[in-house]
Amino acid sequence: MISVFKKAFSHSIKPTQTKLLINGKLVNSLSGKTFETINPSTGQVICSVQEAGVEDTHLAIAAARKAFDEGPWRKESASTRCKVLLAIADKIEKHKDELATLETLDNGKPLFFSHFDVQFAIDAFRYYAGWTDKIHGQTIPISGPYLCYTREEPVGVCGQIVPWNFPLLMAAFKIAPALACGNTTILKPAELTPLTALRLGELIHEVGIPDGVLNVVSGYGDVAGDALVRSRDVDKIAFTGSTNVGKQILMNGGIKRVTLELGGKNPHIVMQDADLDLAVGLTHFSAFLNSGQVCMAGSRTFVHEAIYDAFVEKAVAAAKAKKTGDPFEQGVENGPQISQKQTDKIMGYIESGVKEGARLLTGGKRMDRPGYFIEPTVFADVTDDMLIAKEEIFGPVMNIIKFKTIDEVIRRANATQYGLVSGVVTKDLDTAIKVSNGVQAGLVFVNTWMAQNSATPFGGYKNSGFGRELGEISLKNYLETKTVIIKRPGLSL
Ligand code: NAD
């Protein structure tokens, strides 16, 4: 960790890769258009990157199509694909400091957290490298003179659209299983944070993947993203982002394979018997991680009435002690929000909380410094009908809500359109199991938070999306099952 912080102070890195990656070449956009990416810690422009328009995106799709239909990738032996994925992991590892620094510059997350993301990305490539030669079908005994078996084949050309809150990590979660299964892909990073994805594309290209297998188009969602979604040459869309855009993708995409990783309004439940310090630590981690800009943020903190006052007191003290500021500085836990627009949106939610009668106990203000910083904010006496308890804030806001009984809290936890993640803090095993079974969520944490790894499925119930990323199950997103029935020659029916 110390070496991480030493490197933190030398963040004079200049992004070197700002071009589109199309058919194995780093190119400018056909229109000559570029767009600026901003350092959220300062509000200053970092650099301009190439802006993919519809035509550029179509070129990338054509390259991926050709590489899939004609190219060697899907026909490569599993061990070759394994070797390439391992080489990608090694390459990222070799450039891990650069990538982490670039991520913190572009996204604003504290440097130690960018290092966590980079390590997780490396692990994901290694994990899916291990799956390449374990993808197989079944033989199925059917009546008659037949041999019946299934083959798991790559789905084809994948359009992979990722958000700004985990730019590199989300790219890795998508690219690694797609490539492991033999697909070709076009990655569209978020326009707010294109830098690590563009560099990742270059690094993967340097590893020696065939032209057209991975393409990266930085550009706007309603242009480049939409062109991917609407293209008939794209077989599958893997999307991580907001529920609203997820709905548009379902409407615009026609019949293609789609997986959606969307928003959350995640309940984190603190039972009466919980260790108070552990509960405050975990609920703080879940609410404030990445300045609250996490789909799995614990944005509804349900606390049992018996320990409510003591919890609130400790939670406020912990928020006050949280160091907010330059994400390159040692000890900073809370960086900036991603943009002016997000900052305004979050401030709007904070104002609504005050207006609707929640008790603002600390924070609630923008910080008087350049960049997009908001003080860690704690509301108590939040009720289920308040906007801050219903909508995804995506900011550093803890909403503390009182409850009385376990059945009541499970019902209230589930009273949301979302169902991504839930957490419970308790010493009692029965309570842990009852809550875990009762909550509608794709992932439940008991006495921990964000403890997943590349092998653990991740995804949502209800409007948090469908399909699961990570783990063996993610391979299913990138495979088609083909059933083959062969009549054995010479045998009549
Ligand atoms: P967003 O939906 O605005 O954008 C996500 C991506 O979609 C971006 O690359 C954007 O350019 C693109 N896009 C926008 N409009 C599009 C369109 N019409 N067609 C195709 N692509 C389009 O989301 P965001 O603001 O970047 O990210 C925040 C959201 O992402 C939050 O709601 C958060 O909960 C969610 N998220 C979910 C997960 C998860 O795994 N469930 C993980 C991270 C973020």
Side-chain angles (χ1 to χ4, degrees), residues 109-110 113 165 263-271 274-305 307-324 332-337 342-343 345-367 373-403 409 412-413 416 418 420-425 445 448-450:
K109 62 178 67 187
F113 194 37
N165 58 345
K265 191 69 193 171
N266 310 296
H268 204 162
I269 300 167
V270 180
M271 301 303 298
D275 176 296
L276 212 50
D277 288 326
L278 176 72
V280 170
L282 287 174
T283 53
H284 255 256
F285 184 45
S286 73
F288 292 109
L289 187 71
N290 209 21
S291 305
Q293 305 170 125
V294 188
C295 54
M296 55 185 286
S299 50
R300 289 182 295 154
T301 310
F302 286 97
V303 180
H304 192 276
E305 61 177 3
I307 55 165
Y308 185 83
D309 291 339
F311 178 93
V312 168
E313 194 181 318
K314 279 182 181 264
V316 170
K320 285 183 175 159
K322 204 170 274 299
K323 192 167 170 189
T324 301
V332 164
E333 293 168 83
N334 202 52
Q337 309 312 128
Q342 279 297 120
T343 306
K345 195 170 155 195
I346 295 161
M347 290 309 297
Y349 278 119
I350 292 174
E351 278 158 33
S352 85
V354 173
K355 267 199 207 122
E356 290 188 311
R359 210 154 37 100
L360 176 64
L361 295 175
T362 185
K365 292 196 290 296
R366 281 197 66 166
M367 290 174 74
F373 291 88
I374 296 178
E375 292 172 351
T377 298
V378 176
F379 278 113
D381 302 347
V382 175
T383 53
D384 298 351
D385 55 335
M386 292 177 184
L387 209 58
I388 54 173
K390 289 197 291 199
E391 296 191 2
E392 196 179 36
I393 300 175
F394 237 53
V397 182
M398 177 180 238
N399 302 303
I400 308 178
I401 308 172
K402 195 185 278 186
F403 75 92
V409 78
R412 290 169 66 193
T416 165
Y418 296 112
L420 193 56
V421 174
S422 288
V424 57
V425 192
F445 293 115
T448 183
W449 194 267
M450 212 173 178

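With hydrogens and angles ignored, the 3.5 Å screen pairs a side-chain donor or acceptor of Asn399 with a backbone N or O of Ile388. Between the side chain of Asn266 and the backbone N or O of Tyr418 there is no donor-acceptor pair closer than 3.5 Å. One N or O on the side chain of Ser291 and one on the backbone of Gly335 form a donor-acceptor pair closer than 3.5 Å. The backbone N or O of Gly364 sits less than 3.5 Å from a side-chain atom of Thr377, completing a donor-acceptor pair. The backbone N or O of Lys265 lies less than 3.5 Å from no partner atom in the side chain of Glu392, so there is not a single donor-acceptor pair. Side-chain atoms of Asp381 never come within 3.5 Å of backbone atoms of Arg359 as a donor-acceptor pair (strictly under, hydrogens ignored).
One distance of note links CD1 of Ile374 with CD of Gln342; it measures 9.0 Å at 0.5 Å rounding. Remark: Ile307 CD1 to Asp309 CG distance equals 10.5 Å, nearest 0.5 Å. Taking NZ from Lys402 and CD from Glu305, the interatomic distance works out to 6.5 Å, rounded to the nearest 0.5 Å. If you take CZ on Arg300 and CD1 on Ile393, they are separated by 11.5 Å, rounding to the nearest 0.5 Å. Atom OG1 of Thr301 sits about 4.0 Å away from atom CE of Met398, to the nearest 0.5 Å. Between atom CE of residue Met271 and atom NE2 of residue His304 there is a gap of 6.0 Å, rounded to the nearest 0.5 Å.
The 12-atom threshold is exceeded at NZ of Lys322, counting heavy atoms of other residues, nucleotides or ligands nearer than 6.0 Å.
Ile400 and Phe311 get closest at one heavy-atom pair: CD1-CE2, 3.9 Å. Nearest heavy atom pair, residue Leu420 against residue Cys295, reads CD2-O, 3.4 Å. The two atoms that bring Pro396 and Gln337 nearest to each other are CD-OE1, 3.2 Å, heavy atoms only. When all heavy atoms are compared, the tightest approach of Gly264 to Ser299 is O-OG, 4.5 Å. Closest approach of Asp384 to Lys390, counting heavy atoms only: O-CG, 3.4 Å.
Considering only residues two or more places apart in sequence or on other chains, His268 meets the side-chain hydrogen bond (donor to acceptor under 3.5 Å, both in side chains) condition with Ser286. With sequence neighbours left out, the side-chain hydrogen bond (donor to acceptor under 3.5 Å, both in side chains) criterion links Thr324 to Asn334. Scored by the ring pair (Phe, Tyr, Trp, His ring centres under 6.0 Å) test, Phe302 finds no partners at all (sequence neighbours excluded). Among residues two or more places apart in sequence or in another chain, the ring pair (Phe, Tyr, Trp, His ring centres under 6.0 Å) test is passed with Phe445 by Trp449.
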Under 3.5 Å, side-chain donor or acceptor atoms of residues 348-357 against the rest of the protein: list the pairs with distances, not counting sequence neighbours.
unit_1 : atom_1 : unit_2 : atom_2 : d
Tyr349 : OH     : Glu391 : OE1    : 2.5
Ser352 : OG     : Tyr349 : O      : 2.8
Glu356 : OE1    : Leu387 : N      : 2.8

For residues 275-283, run the donor-acceptor check on the side chains, cut-off 3.5 Å, and write out each pair with its distance to 0.1 Å, sequence neighbours left out.
unit_1 : atom_1 : unit_2 : atom_2 : d
Asp275 : OD1    : Asp277 : N      : 3.1
Asp275 : OD1    : Leu278 : N      : 2.9
Asp277 : OD1    : Lys314 : NZ     : 2.8
Thr283 : OG1    : Ala279 : O      : 2.7
Thr283 : OG1    : Val280 : O      : 3.2

